[in-house]
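A short write-up of the structure that comes next.
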Amino acid sequence: MNRIVDIVVIGGGINGCGVARDAAGRGLSVVLCEMGDLASSTSSWSTKLIHGGLRYLEYFEFRLVREALAEREVLWAIAPHIIRPMRFVLPHRPGLRAAWMLRLGLFLYDHIGGRKRLHGTRTLNLNVDPLGRPLKGGAFDAGFEYSDCRVDDSRLVVLNARDAADRGAEIRCRTLVESGEREADHWLVRVRDQRTGAVETVRAQVLINAAGPWVETVLSDRLLLKPKARTRLVQGSHVVVPKLYDHDRAYILQNPDGRIVFTIPFEDGFTLIGTTDRDYEGDPGKATASPEEVAYLCEAVSQNFARPVTVGDVVWSYSGVRPLYDDGASEAKAATRDYVLEVDAAGRAPVVSIFGGKITTYRRLAEEVLRRLEPILPQLANRKRWTARTPLPGGDFPVDGLRDLERALGQSHAFLTERDVRRLARAYGTRARRVLGDARGRADLGVRFGDTLTEAEVRHLVDQEWAQTAEDVVWRRSKLGLHMTASEIRDLDLWMKANVSTSAPAAASAMS
C-alpha cells in the first residue's frame, strides 16, 4: 500500500510527539512511527521537572535557561493537570559554591525568563525554618527557596500524541521505520508493524528524525545518510524511596564532586532521588541503574539529611540515556542540554534530525522545526503558531483550578474515594469524566486490578492512549506500579491479552 503524507515523524518521545501535534494543528498530514511505546525511552526516565536548569547558568547557557524559564508558565497554562508549581530548597553547603554566587544565580533565575505567576526566591535560616528540620543538624545555616514546576513526563508525551491524533495525525506505536529512500521530491518510507509483521510504504515530503538516542543510527543505517552533528549518550539514573519528609518541597543538594542531586516528593508516599550523569555505551534501550549509581545517590542524600538513605530503602530505580548534542565537553555533567537541528535538504525532500534538547523546551523546538520547513512546505507560511495558547487534552481549566476540578469530580461521582478523585483529576484533567463514562457506582467501573486502577480506565488507555501492555499502563500512563503488587500487575497483563484488542494501532483517528 502506498500512502502520501506531508510528514513522517520517526520517534515517539516528547520531541517527536510535540512536532506531530504542532504540524497536525497547522493542517499538515502526519504519520508518527514509534518502534516501542510512546515515551518508552528517554522521555519517561527524566527527573520529571519543567525547569530552567539553574546549574546551566554555571556553563553560561543563558539563552537555553531564558527559553526554558519562559516555557515553565506556558506549559503550566496548557497542562495544569500534569504540570504544577513546586518550591525547591537549596541549602548552602560551606566549602562549595559561595552563598553570594547562589543568590546571584537565583536573582538571574527570577528575572531573565519573564516570570509572572511563579513565586520568587526567598532566603532561609535553616536553623529555625521548618524546612531545615530534615537536614543534618549543624551542617547548614543558610539556604534559599525558589520555584520551578513538576511534570508527569510520560503523560506529557501521550497528551501531545493524543492532541495530534485529535487533529488528524496518525500515531503508530510498535512500528519500525526499516528504511527510507529519497527520490526527487519525496521519501519512500518502509515501515513494519512489529506486532503483525505487516509492511507498508509511505510517501512523505519530509522526514523528522526524532529518534532520540537512535538519531544517528536512523540517519546512517535506515536513511543511508552521514550525520554532521554527533550525539553524546549520557546515562541518568534515579531511585525512589519511602518519603524522607512530610512537607511538599523538593531539595536541590550540592555535592563535593560538583554535581547536584534532587529529592522530590513523588506519587503519594515516596521521594524521587536523582540524577547521575555518566557517559554511556551500548544499546540505549537496555540502560539500567548500576549498583554504583544507586549507591552514589543514596550517599549523596545521606550526606545532607539527618536520616540516612541506604540501598535497602530503594523500592524502584530507573535509568535513561539522554541523547545530548556532543559539544566536546570534557565531563558528562557539563554537556549542553540545548538542541541542535540538522537539516539535510538535498532536492525537495528534506530530513530534519533533532540532536539533544530537554523536556522543558520541546514545544519551542517543535516550532523551530516547522519554521525550518517553511521553504519546503509553503502552506506553513500562513499558519500561525498556536501551541502556546491551546490546552493539551484535559488541560482546559485555569492554572489555579485543579482543586475546584477535583471537588466537582468528587461531587458528581460520590462513590469515588478522595484518592481516586485526586489521581484521576491529575492524570486526565477535564477528561477524567470520559474515563468514568456513565458509571453511577463502583461496580460500573468493572474489574479493580489493584490500588485505584479499574477496567474502565484500562479500556480508556487502550482505546485512546495506545496502551497495549500492563507495563504501558502502570509505569508510563501512570506510576501505579509503585502501589500494586507484582501479582496484580501480572494479572492485569493477562487480562489485557485476553480482553482488549491490540492487533491494530490504537486510537489512530480522532476521539469522538
Side-chain angles (χ1 to χ4, degrees), residues 12 17 20-21 24 30-34 36-40 44 79 81-82 152 154-175 193-196 198 391-396 409 413 416 420 423-440 442-481 484 488-489 491-512:
C17 290
R21 178 193 185 225
V30 180
V31 173
L32 181 146
C33 298
E34 163 56 43
D37 182 29
L38 295 174
S40 57
S44 60
H81 47 327
I82 61 167
D152 187 327
S154 299
R155 292 209 58 73
L156 183 65
V157 175
V158 170
L159 293 182
N160 272 272
R162 178 65 265 166
D163 202 36
D166 289 349
R167 298 174 190 279
E170 184 173 351
I171 309 299
R172 301 283 297 272
C173 296
R174 272 88 178 183
T175 299
D193 187 316
Q194 298 193 92
R195 299 151 300 176
T196 66
L392 286 166
D396 50 338
L409 189 63
H413 296 79
L416 295 175
D420 286 327
R423 190 182 68 77
L424 289 171
R426 296 182 180 214
Y428 304 100
T430 58
R431 292 196 175 189
R433 289 183 173 84
R434 301 193 186 197
V435 178
L436 296 168
D438 298 327
R440 297 181 178 274
R442 188 168 297 279
D444 295 331
L445 298 177
V447 179
R448 197 174 183 93
F449 296 104
D451 195 66
T452 59
L453 184 65
T454 66
E455 178 181 341
E457 183 174 4
V458 173
R459 290 190 181 278
H460 175 87
L461 292 174
V462 171
D463 292 341
Q464 301 298 339
E465 295 194 4
W466 301 274
Q468 296 180 28
T469 68
E471 182 181 355
D472 298 348
V473 171
V474 306
W475 291 118
R476 283 185 285 276
R477 306 307 184 280
S478 73
K479 291 297 180 289
L480 289 174
M484 295 172 64
E488 288 172 334
I489 295 171
D491 289 345
L492 168 63
D493 208 35
L494 291 172
W495 184 91
M496 290 179 68
K497 290 174 180 176
N499 291 277
V500 296
S501 172
T502 59
S503 59
S509 58
M511 185 182 293
S512 60

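- Taking every heavy atom of both residues into account, Leu32 and Gly12 meet most closely at CD2-CA, 4.0 Å.
- Residues satisfying the salt bridge (Lys or Arg N to Asp or Glu O under 4.0 Å) criterion with Asp152, sequence neighbours excluded, are absent altogether.
- Atom OG of Ser478 is separated from atom CZ of Arg426 by 15.5 Å, given to the nearest 0.5 angstrom.
- Residues passing the side chain to side chain contact (heavy atoms under 4.5 Å, CB included) test with Ala79, sequence neighbours excluded: His81, Ile82, Ile83, Leu392.
- A donor-acceptor pair is defined here as one N or O able to donate and one able to accept, closer than 3.5 Å; such a pair exists between the side chain of Glu455 and the backbone of Val447.
- Considering only heavy atoms from C-beta on, Ser40 comes within 4.5 Å of Arg476 through its side chain.
- Of the charged side-chain nitrogens involved, none lies within less than 4.0 Å of a carboxylate oxygen, so that Asp451 and Lys479 do not count as a salt-bridged pair.
- Here the side chains of Asp463 and Val500 are not in contact, with every heavy-atom distance at 4.5 Å or above.
- In this structure, Thr469 and Met496 have side chains that are not in contact, with every pair of non-hydrogen atoms separated by 4.5 Å or more.
- Considering every non-hydrogen atom in both Pro391 and Asp163, the closest pair reads O-OD2, 4.4 Å.
- Remark: Asp493 pairs with Lys497 by the salt bridge (Lys or Arg N to Asp or Glu O under 4.0 Å) rule, at least two apart or across chains.
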Start with the C-alpha gap between Arg477 and Asp472, add the side-chain angles, then the distance that decides, and say whether side-chain contact (heavy atoms from CB on, under 4.5 Å) holds. CA-CA 6 Å; Arg477 306 307 184 280; Asp472 298 348; 4.0 Å; yes
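- Of all non-hydrogen atoms in Cys173 and Trp466, the two that sit nearest each other are SG-CB, 3.8 Å.
- When every heavy atom of Ala24 is checked against every heavy atom of Val30, the shortest pair comes out as N-CG2, 4.0 Å.
- Applying the side chain to side chain contact (heavy atoms under 4.5 Å, CB included) rule to Glu488 yields the partners Met484, Thr485; only residues at least two apart in sequence or on another chain are considered.
- Of all heavy-atom pairs between Leu445 and Ala439, the closest is CD2-CB, 3.6 Å.
- Within 6.0 Å of CZ in Arg442 there are more than 12 heavy atoms belonging to other residues, nucleotides or ligands.
- The CZ atom of Arg174 lies 8.5 Å from the CD atom of Glu34; values are rounded to the nearest 0.5 Å.
- Residues Leu416 and Leu436 are in side-chain contact: their nearest non-hydrogen atoms beyond the backbone lie under 4.5 Å apart.
- Under the side chain to side chain contact (heavy atoms under 4.5 Å, CB included) criterion, Glu457 pairs with Arg423, Leu424, Tyr428, Val435, Leu453, Thr454, Leu461, sequence neighbours left out.
- Scored by the side chain to side chain contact (heavy atoms under 4.5 Å, CB included) test, Ala427 finds Arg155 as partners (sequence neighbours excluded).
- Put simply, the side chain of Arg162 gets close to the backbone of Gln464: a donor and an acceptor are under 3.5 Å apart.
- No donor-acceptor contact under 3.5 angstrom links the side chains of Asp193 and Thr175, judged on distance only.
- Side-chain contact between Leu480 and Phe449 is absent, with no heavy atoms from C-beta onward closer than 4.5 Å.
- Using a 4.5 Å heavy-atom cutoff, the side chains of Glu471 and Asp37 are not in contact.
- In terms of heavy atoms, Arg21 sits closest to Asn160 at CD-OD1, 3.3 Å.
- At a threshold of 4.0 Å, the pair Asp166-Arg431 counts as salt-bridged, since one of the basic side-chain nitrogens sits closer than that to a carboxylate oxygen.
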Ser44 vs Val157, side-chain contact (heavy atoms from CB on, under 4.5 Å): CA-CA, chis, key distance, verdict: CA-CA 8 Å; Ser44 60; Val157 175; over 6 Å; no
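- The CG atom of Leu159 lies 10.5 Å from the OG atom of Ser154; values are rounded to the nearest 0.5 Å.
- Between the side chain of Asp444 and the main chain of Arg440, a donor-acceptor pair closer than 3.5 Å is present.
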